[in-house]
**Q** 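Mind having a look at this structure? Questions to follow.
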There are 2 protein chains.
Amino acid sequence: MPQTPLRSATRYGTRPTMKDVAARAGVGLKTVSRVVNGEPGVTPETERRVQEAIDALGFRRNDSARVLRKGRTASIGLVLEDLADPFYGPLSRSVEEVARAHGALLINGSSAEDPEREQELVLALCARRVDGLVVIPAGDDHRYLEPELKAGVATVFVDRPAGHIDADVVLSDNFGGARDGVAHLIAHGHRRIGFIGDMPRIHTAAERLRGYRVAMEDAGIPVTDSWMSLGVTDPERVRRAAEEMLTGPDPVTAIFAGNNRVTVTVIRVLAEQARRVALVGFDDIELADLLQPGVTVVAQDASDIGRTAAERLFRQLDGTLVTPERIELPTRLITRGSGEIPPAD
Amino acid sequence: MPQTPLRSATRYGTRPTMKDVAARAGVGLKTVSRVVNGEPGVTPETERRVQEAIDALGFRRNDSARVLRKGRTASIGLVLEDLADPFYGPLSRSVEEVARAHGALLINGSSAEDPEREQELVLALCARRVDGLVVIPAGDDHRYLEPELKAGVATVFVDRPAGHIDADVVLSDNFGGARDGVAHLIAHGHRRIGFIGDMPRIHTAAERLRGYRVAMEDAGIPVTDSWMSLGVTDPERVRRAAEEMLTGPDPVTAIFAGNNRVTVTVIRVLAEQARRVALVGFDDIELADLLQPGVTVVAQDASDIGRTAAERLFRQLDGTLVTPERIELPTRLITRGSGEIPPAD
DNA sequence: TAGAGCCTGGACAACGTTGTCAGGCTCGGG
DNA sequence: CCCGAGCCTGACAACGTTGTCCAGGCTCTA
């Protein structure tokens with residue numbers, strides 16, 4: 001039984017190749033390649049014929065083959081915690097903009113704060129031969145990236161430093177920001193200040209906690225364990241933690257919230273309280289100025305962080321950059337009311 | 001002059017291949033392939049040797065080559081308007097989750113509401129041979145996708161239907177939602193109701209405007225041009241539009257805001273007003289319940305939309321789905337206070 | 001003990017593109 | 001009239017992987 005040819009430009013599910021275009025235009029394969037890539041050395045007449053064939057067949061260059069040949073994919077990977085988090089949207093967008101300016105596409109992945117999933121994602125991106133990686137680490141050991149780095153995959157860590165490898169990192173001054181935020185509360189007369197944050201194994205959480213401790217220490221205020229809640233992140237537990245601090249034996253008059261999700265929940269809790277409790281949150285939140293009172297926050301600029309990281313990435317690819325560096329971007333205290341409430345003792 | 005070999009597994013900037021691994025393990029190329037892909041037919045002892053070589057060399061399969069061979073990339077593309085917009089973060093995330101469940105990666109791109117950029121992005125994704133596309137259209141003519149569809153690229157449009165081609169589309173009931181929202185205001189006694197929305201060339205904007213018109217018509221209320229502001233999107237112009245409606249010769253007592261960005265700006269304007277003006281917004285906004293008054297909105301579920309679209313995409317790839325359909329997801333009116341303010345005449 | 005059948009491993013081509021190189025053509029100058 | 005230079009064009013190999021197919025060695029059965 002004679003087999004029908006497996007490929008034919010019109011068959012559903014297959015695509016025309018340069019060979020098909022060449023056949024139709026009556027030219028050689030390489031000539032098509034030249035036209036597609038705008039290389040010089042093709043007569044206008046030939047070019048027209050080729051272009052016609054391209055349009056007629058709906059040809060689209062296969063970049064997989066191109067990548068295989070050229071070695072560069074013109075794409076970079078971004079691994080973050082959760083794209084749905086309002087902090088990462090703008091960050092991702094600014095990375096994308098920089099990538100676009102360099103003609104690269106962006107592949108996104110959410111690790112959901114799971115180290116295993118982070119590694120899985122990063123390695124999948126490497127298998128696709130992304131030119132570079134921007135990683136917001138979930139895990140704290142990144143030795144698995146060593147072969148990739150050696151192979152020349154540009155890599156920038158964001159928000160938290162890499163574990164056990166030497167790599168670029170761009171982050172906010174979490175320590176300084178938290179310290180200043182807490183100091184702000186102290187300056188307004190507070191001494192019993194609560195801290196609600198994420199697990200200290202997360203670098204940002206640890207740094208912010210350190211900022212809290214140092215600010216308290218600098219003011220000569222001894223800290224009680226019952227003022228600190230670490231590792232809670234889901235709304236229910238944050239709520240309970242906040243309520244305990246507010247009603248315990250040594251109730252706080254102010255709360256420092258370690259990240260935007262905590263802040264939102266604390267706002268809800270405070271709205272239900274009879275007495276007025278001061279609040280400063282890490283990370284800005286939308287509409288914070290429209291709430292009553294406005295929410296005082298330590299803001300980090302997600303777009304700026306993303307842009308800085310992506311630009312470093314492409315400078316690594318240029319060869320302009322070689323030595324890994326740690327870049328710390330300043331935070332900004334935005335006073336809107338909630339942080340200026342005096343203690344109600 | 002004898003040329004030094006260009007490749008060698010240890011040279012910086014190159015990566016070991018299966019050939020290198022095979023050489024080191026003393027086996028054939030295909031055996032390495034089998035081990036890497038977990039195919040049967042390899043003795044445990046051979047497998048161990050190969051695995052050892054893989055680890056020693058830091059080998060990582062080159063998926064470009066794999067794709068070239070297999071035809072499927074296990075990646076899908078998502079083209080949206082702006083990843084920084086809080087509506088698209090969750091949408092993107094839910095698409096990613098579905099993709100992950102099918103072993104696929106997600107490539108993201110923002111069109112910035114520019115049809116040309118949309119096309120550019122979509123074609124770049126097609127050149128990379130994504131298996132499928134989820135597109136939130138910026139333009140209104142998608143005939144450029146015909147060759148891709150014919151070639152079997154699964155495609156689902158989201159939020160707005162495709163132009164001039166027959167394709168799946170998943171969207172909210174923009175018309176019904178807006179109509180119900182406006183009817184809600186009417187039910188609370190309003191007759192002079194303003195509408196601020198995007199350009200009507202955008203499908204969602206047009207549908208929401210239609211909902212507004214029909215609700216007014218159903219209530220027998222003639223609409224004045226000065227109550228409608230179309231095509232404004234930047235905060236400055238929204239602000240001016242709102243102020244004009246409120247202070248004009250025939251001032252409105254309520255405003256229907258056509259999308260989340262408009263809503264936010266209108267909230268700011270209303271906060272400055274002496275008299276109380278009712279507001280219903282399309283799209284939910286974070287912390288809407290904590291504002292004074294709480295913001296009544298017509299909510300659409302971004303995650304649900306994303307999930308539905310992505311699931312359809314993979315069912316297209318399965319072959320389970322063939323006929324393009326239009327899927328309209330219901331919206332939900334969430335009353336929180338701002339929409340229940342009576343008219344102040 | 002021979003033959004059939006199974007299991008393991010490897011040689012080879014193919015995927016679609018681009019870099020290299022050489023051939024053919026035209027044109028101008030000697 | 002011939003030759004070299006310069007321009008277009010196309011044949012061919014290579015990128016790294018996987019599918020196909022076959023060889024060789026083994027076990028099992030008649």
Side-chain angles (χ1 to χ4, degrees), chain A residues 3 5-9 11 13-50 53-54 57-74 126-129 151, chain B residues 3 5-9 11 13-50 53-54 57-74 126-129 151:
Chain A
Q3 248 199 342
L6 267 172
R7 324 196 77 262
S8 111
R11 190 166 154 276
T14 68
R15 312 199 55 139
T17 71
M18 287 194 178
K19 203 165 142 192
D20 299 321
V21 174
R24 176 159 184 139
V27 301
L29 181 53
K30 184 64 217 232
T31 301
V32 177
S33 172
R34 275 194 265 264
V35 171
V36 169
N37 294 295
E39 284 168 29
V42 180
T43 345
E45 163 57 14
T46 310
E47 174 166 358
R48 196 192 49 73
R49 282 221 317 282
V50 171
I54 288 176
L57 295 175
F59 167 80
R60 216 79 81 186
R61 179 178 65 200
N62 184 332
D63 275 355
S64 296
R66 173 168 227 249
V67 160
L68 182 57
R69 197 60 238 262
K70 304 203 77 148
R72 282 263 163 123
T73 54
C126 289
R128 266 147 223 256
R129 295 293 186 268
Chain B
Q3 250 198 340
L6 265 173
R7 323 198 77 262
S8 110
R11 190 166 153 276
T14 68
R15 313 200 53 139
T17 70
M18 286 192 177
K19 203 166 142 191
D20 299 321
V21 174
R24 175 160 183 138
V27 301
L29 182 53
K30 185 62 217 243
T31 302
V32 177
S33 173
R34 276 195 266 264
V35 171
V36 169
N37 294 295
E39 284 169 28
V42 180
T43 353
E45 162 58 14
T46 310
E47 175 166 357
R48 195 190 53 70
R49 282 222 317 284
V50 171
I54 287 176
L57 295 174
F59 167 80
R60 217 77 83 186
R61 178 178 66 199
N62 185 331
D63 273 357
S64 297
R66 174 168 226 252
V67 161
L68 182 57
R69 194 63 236 261
K70 306 203 76 149
R72 281 266 164 118
T73 54
C126 290
R128 266 146 223 259
R129 295 294 186 268

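Chain letters run A, B, ... following the sequence lines, proteins first and then strands; every chain starts at 1.
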**Q** Would you tell me if any nitrogen or oxygen in the side chain of A:Thr31 comes within less than 4.0 Å of OP1 or OP2 on D:dT9?
**A** no

**Q** Identify the pairs formed between an N or O of the protein and an N or O of nucleotides 24-28 of chain D at a distance under 3.5 Å, and give each distance.
**A**
none

**Q** What nucleic acid atoms does B:Thr46 come within less than 4.0 Å of, heavy atoms only: base, sugar-phosphate, or nothing?
**A** sugar-phosphate

**Q** Just jot down the side chain to side chain contact (heavy atoms under 4.5 Å, CB included) partners of B:Val21, sequence neighbours excluded, or say none.
**A** B:Val32, B:Val50, B:Ala53, B:Ile54, B:Leu57, B:Phe59

**Q** Please work out if A:Val67 contacts a base, only the sugar-phosphate, or nothing of the nucleic acid, heavy-atom cut-off 4.0 Å.
**A** nothing

**Q** Distance check, rounded to the nearest 0.5 Å: A:Asp20 atom CG versus A:Arg15 atom CZ?
**A** 11.5 Å

**Q** Could you tell me which residues satisfy side chain to side chain contact (heavy atoms under 4.5 Å, CB included) with A:Arg69, sequence neighbours excluded, listed by chain and number?
**A** none

**Q** To the nearest 0.5 angstrom, please state how far the CG atom of B:Leu68 sits from the CG atom of A:Asn62.
**A** 6.0 Å

**Q** A:Thr31: which residues meet the side-chain hydrogen bond (donor to acceptor under 3.5 Å, both in side chains) condition with it, sequence neighbours left out?
**A** none

**Q** Tell me, please, which residues at least two apart from B:Arg61 pass side-chain hydrogen bond (donor to acceptor under 3.5 Å, both in side chains).
**A** B:Asn37, B:Asp63

**Q** Could you tell me, to 10°, how much the axis swings from one end of the helix from C:dT1-D:dA30 to C:dG30-D:dC1 to the other, five pairs per end?
**A** 60°

**Q** Are the side chain of A:Arg128 and the backbone of B:Thr73 linked by a donor-acceptor contact shorter than 3.5 Å?
**A** yes

**Q** Run the salt bridge (Lys or Arg N to Asp or Glu O under 4.0 Å) test against B:Arg60 and tell me which residues pass, sequence neighbours left out.
**A** A:Glu148

**Q** Could you list the protein-to-nucleotides 17-23 of chain D atom pairs, N/O on both sides, closer than 3.5 Å?
**A**
{"residue": "D:dT17", "atom": "OP1", "partner": "B:Asn62", "partner atom": "N", "Å": "3.1"}
{"residue": "D:dT17", "atom": "OP2", "partner": "B:Met18", "partner atom": "N", "Å": "2.7"}
{"residue": "D:dT18", "atom": "OP1", "partner": "B:Asn37", "partner atom": "OD1", "Å": "3.3"}
{"residue": "D:dT18", "atom": "OP1", "partner": "B:Asn37", "partner atom": "ND2", "Å": "3.1"}
{"residue": "D:dT18", "atom": "OP1", "partner": "B:Arg66", "partner atom": "NE", "Å": "2.9"}
{"residue": "D:dT18", "atom": "OP2", "partner": "B:Ser33", "partner atom": "OG", "Å": "2.8"}
{"residue": "D:dT18", "atom": "OP2", "partner": "B:Asn37", "partner atom": "ND2", "Å": "3.1"}
{"residue": "D:dT18", "atom": "O2", "partner": "B:Arg69", "partner atom": "NH1", "Å": "2.1"}
{"residue": "D:dG19", "atom": "OP1", "partner": "B:Lys70", "partner atom": "NZ", "Å": "3.4"}
{"residue": "D:dG19", "atom": "N7", "partner": "B:Lys30", "partner atom": "NZ", "Å": "2.9"}

**Q** Using the salt bridge (Lys or Arg N to Asp or Glu O under 4.0 Å) criterion, which residues pair with A:Arg49? Sequence neighbours excluded.
**A** A:Glu45

**Q** If we only count heavy atoms from C-beta on, is the B:Lys30 to B:Ser33 side-chain gap below 4.5 Å?
**A** yes

**Q** Which whole-number value in Å describes the distance from B:Glu47 CD to C:dG10 P?
**A** 14 Å

